[in-house]
Amino acid sequence: MNNLFEQLGVNESVANGLKKLGIETPTDIQTQIIPLALTNKDIIGRSQTGSGKTLAYLLPLYEKIDINKKEMQIIILAPTHELVMQVYNTINSLSQNSGVNVTAASIIGDANINRQIEKLRLKPHIVVGTPGRILELIKRRKISAHTIKTIIIDEADILLDINNIDGVKAVIKTTQRDRQLQLFSATITDETIATAKVMMKEAELISLEDKNEINSNIEHYYFTCEQRDKIDLLRKLVHAINPQKALVFINRSEDIEITTSKLKYHKLAVEGIHGTNIKEDRKKALGDFRNGKIQLLVASDLASRGLDIEGITHVFNLDVPEKSINYLHRVGRCGRAGNNGIAITLTTERELDHIKHYEKTFDIKIHHKDLFKGDVVDKQNYY
Ligand code: AMP
C-alpha cells in the first residue's frame, strides 16, 4: 500500500478517484484528521483557508457511510449557499471519480422546498445545507435525524456565533446522542471552543497553524488616496496590473451592487456576489469568475467565506477591513495551493493605523506603493 491516502485509511477506489483529480499527497490537516475521524471521535479542527479542510472531513465519510443502506447518515452544515454547493460538488466529483456511490442532497435556504423534499425521498447518504432549512426539514420529518451518524459543522466560528448557534444546536439535538460531531474553521476563538465543547464528548482539538498566520507566498501592498478616489484608483490599478483573477472586497454587503455598477461604468469585467442576489445571478457570477469570463468579483466578508475558487491572483481591499480576522480571511483567497498572491489595500490617510496594526498582528510587511506612469512602484522611489 504505497498510496499515502490509503495509509491514512482511505479505501483504494477513493484513493484512485483522488488521483484522477490530481490529488496524491495528503495535506497536513488531512494527515491528522482522517485517521482520527475514523475512530469516531468528536473533533475540533482549526486550519488555514485552502489547507484541504473539506477533503479532510469528506474522505473519512466515504469509509463510514454504509452505501448499501438507503438512509441519511451524515449532515454537513455550512453558513452560505456557495459553500454548501461547493461541498456538494466536491462530494459528487469524488463519487464519480471513485465509483463509490455516496449520494448527497444540497439543502439551501431560499430554494424551492418541494424540490428539496423530492430529492430527500431518494434518501441521500449525505445532506449538506444551511442550518435553518435543514432544521425545518427535520421538523417536517423529511430529514430522518435518528439515522444520522455524523454531523460536520464547517466554518464553525460563523455557525456557532450568536446569530446561528440556536439553529445549529437545535439540529444537533434532534440526532442520537452517540453521533459523531466535527467542527472545522480557519479561525475558532477560545470562546467558540468553549461553546462547542458543551455539545461534544471529549473532543480532540487539532489546531494546525497559529490562527493568525498568513501564507508567506502572499505579498502585501497598500496605496493611499482620498476616499472619493478609491474607485478610480482601483480602475487604474486593474489597468496597470491586469490581474488574471481578482476579488474586490468591501465592508458592507449593501454596497456591493453600487460598487459593481461603478466599476462596470469604467468598462471593467466585473460582477458582484452577496446575500440578496437572486440565486441564479450569483451562480452565474461565480461561474463566469471561475472560468475566467470576468476578471473581478466584488464581495463582502460573509459572501466570500470558504469560497474555493482556483487561480485568484489578487485580492483588492477597496475598503480597509475593520477587523484583523477579516484581513486574514480576505487575503487567504489568493495564494492558495502553493501559488503566489498579491493583496492590495486602498487606504485613506486616516485608515493607515489599520495597516500598521495588520503588519504587527500578522508579522508581515505591507509595502507602500504608488502608481507612476501606469506602473506600480515603491512609494519613496519615484521622485
Ligand atoms: P479547502 O481548504 O478544503 O477549501 O481546499 C482547498 C483546495 O485544495 C481545493 O481546491 C482542493 O481541491 C485542494 N486540495 C485539497 N486537498 C488536496 C491535496 N491533498 N493535494 C492537492 N490539492 C488539494
Side-chain angles (χ1 to χ4, degrees), residues 2-11 14-37 43-62 76-98 104 126 128 152-159 182-188 206-209 211 213-215 217-218 245 247 286-287 289-292 299 303-313 315 328-341:
N2 52 18
N3 179 290
L4 295 167
F5 278 103
E6 283 179 72
Q7 286 174 21
L8 296 176
V10 172
N11 73 63
V14 172
N16 286 338
L18 287 171
K19 205 167 166 187
K20 285 192 210 156
L21 295 165
I23 296 178
E24 297 190 54
T25 314
T27 61
D28 289 349
I29 183 99
Q30 289 160 3
T31 306
Q32 296 220 32
I33 296 291
I34 294 169
L36 190 64
I43 296 174
I44 301 175
R46 175 158 68 191
S47 158
Q48 276 183 313
T49 51
S51 60
K53 243 181 310 134
T54 317
L55 284 178
Y57 68 68
L58 285 183
L59 293 175
L61 301 181
Y62 276 69
I76 302 176
L77 298 178
T80 62
H81 298 181
E82 278 81 21
L83 193 52
V84 167
M85 293 319 293
Q86 215 163 270
V87 174
Y88 173 73
N89 291 336
T90 308
I91 298 168
N92 285 339
S93 141
L94 212 51
S95 295
Q96 240 168 42
N97 283 285
S98 65
I126 304 180
V128 47
I152 310 239
I153 303 181
D154 203 342
E155 300 290 335
D157 60 325
I158 295 184
L159 285 183
Q182 301 181 39
L183 261 65
F184 294 92
S185 184
T187 49
I188 310 185
I206 302 289
S207 185
L208 268 181
E209 254 124 346
K211 60 181 173 183
E213 196 156 305
I214 288 182
N215 279 346
N217 48 356
I218 299 172
K245 209 173 262 186
L247 276 176
L286 274 174
F289 187 58
R290 276 209 168 89
N291 65 31
S304 75
R305 282 298 283 273
L307 273 190
D308 177 33
I309 296 172
E310 269 178 37
I312 294 178
T313 51
V315 165
L328 174 83
H329 279 298
R330 289 182 184 187
V331 306
R333 304 289 110 213
C334 67
R336 283 160 90 96
N339 294 316
N340 293 327

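Ligands are counted one by one from 1 in listed order, and the atoms in each one are counted from 1 as well. Residue numbers start at 1 and run along the sequence shown.
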Glu24 N/O under 3.5 Å from ligand 1 N/O: no
Determine, considering heavy atoms only, which of Leu4, Ile309, Leu55, Ile23 sits nearest to atom 18 (C) of ligand 1. Ile23
Kindly confirm or rule out an N or O of Gly52 lying under 3.5 angstrom from an N or O of ligand 1. yes
With backbone taken as N, CA, C and O and side chain as the heavy atoms from C-beta onward, which portion of Phe184 lies under 4.0 Å from ligand 1: side chain, backbone, both, or neither? neither
List the atom pairs, donor and acceptor, that lie under 3.5 Å between side-chain atoms in residues 18-26 and the rest of the protein, sequence neighbours left out.
residue : atom : partner : partner atom : Å
Lys20   : NZ   : Asn97   : O            : 3.0

Which value, rounded to the nearest 0.5 Å, describes the distance between Ile188 atom CD1 and Ile158 atom CD1? 11.5 Å
Check whether any side-chain heavy atom of Val84 lies under 4.5 Å from a side-chain heavy atom of Ile76, and answer yes or no. no
Pick whichever of Gln30, Gln86, Lys53 has a heavy atom sitting closest to atom 15 (C) of ligand 1. Gln30
At what distance, to the nearest 0.5 angstrom, does CD of Gln86 lie from CG of Asp154? 9.5 Å
Which bit of Pro26 is near ligand 1, meaning a heavy atom under 4.0 Å away: side chain, backbone, both or neither? backbone
What I'd like to find out is whether the side chain of Val87 reaches to under 4.5 Å of the side chain of Tyr57, using heavy atoms alone. yes
Just to be sure I read this right, does ligand 1 sit under 4.0 Å from the backbone of Thr25, its side chain, both, or neither, counting only heavy atoms? backbone
Geometric N/O contact Glu310 with ligand 1, under 3.5 angstrom: no
Could you work out, with side-chain contact (heavy atoms from CB on, under 4.5 Å) as the rule, every residue matching Asn92, not counting sequence neighbours? Tyr88
Do Gln30 and Thr27 make a side-chain contact, defined as non-hydrogen atoms from C-beta onward lying under 4.5 Å apart? yes
Atoms in ligand 1 flagged as close to Thr54, the criterion being non-hydrogen separation under 4.0 Å: 1 (P), 3 (O), 4 (O)
Could you tell me, atom by atom, which parts of ligand 1 come under 4.0 Å of a heavy atom of Phe5? 19 (N)
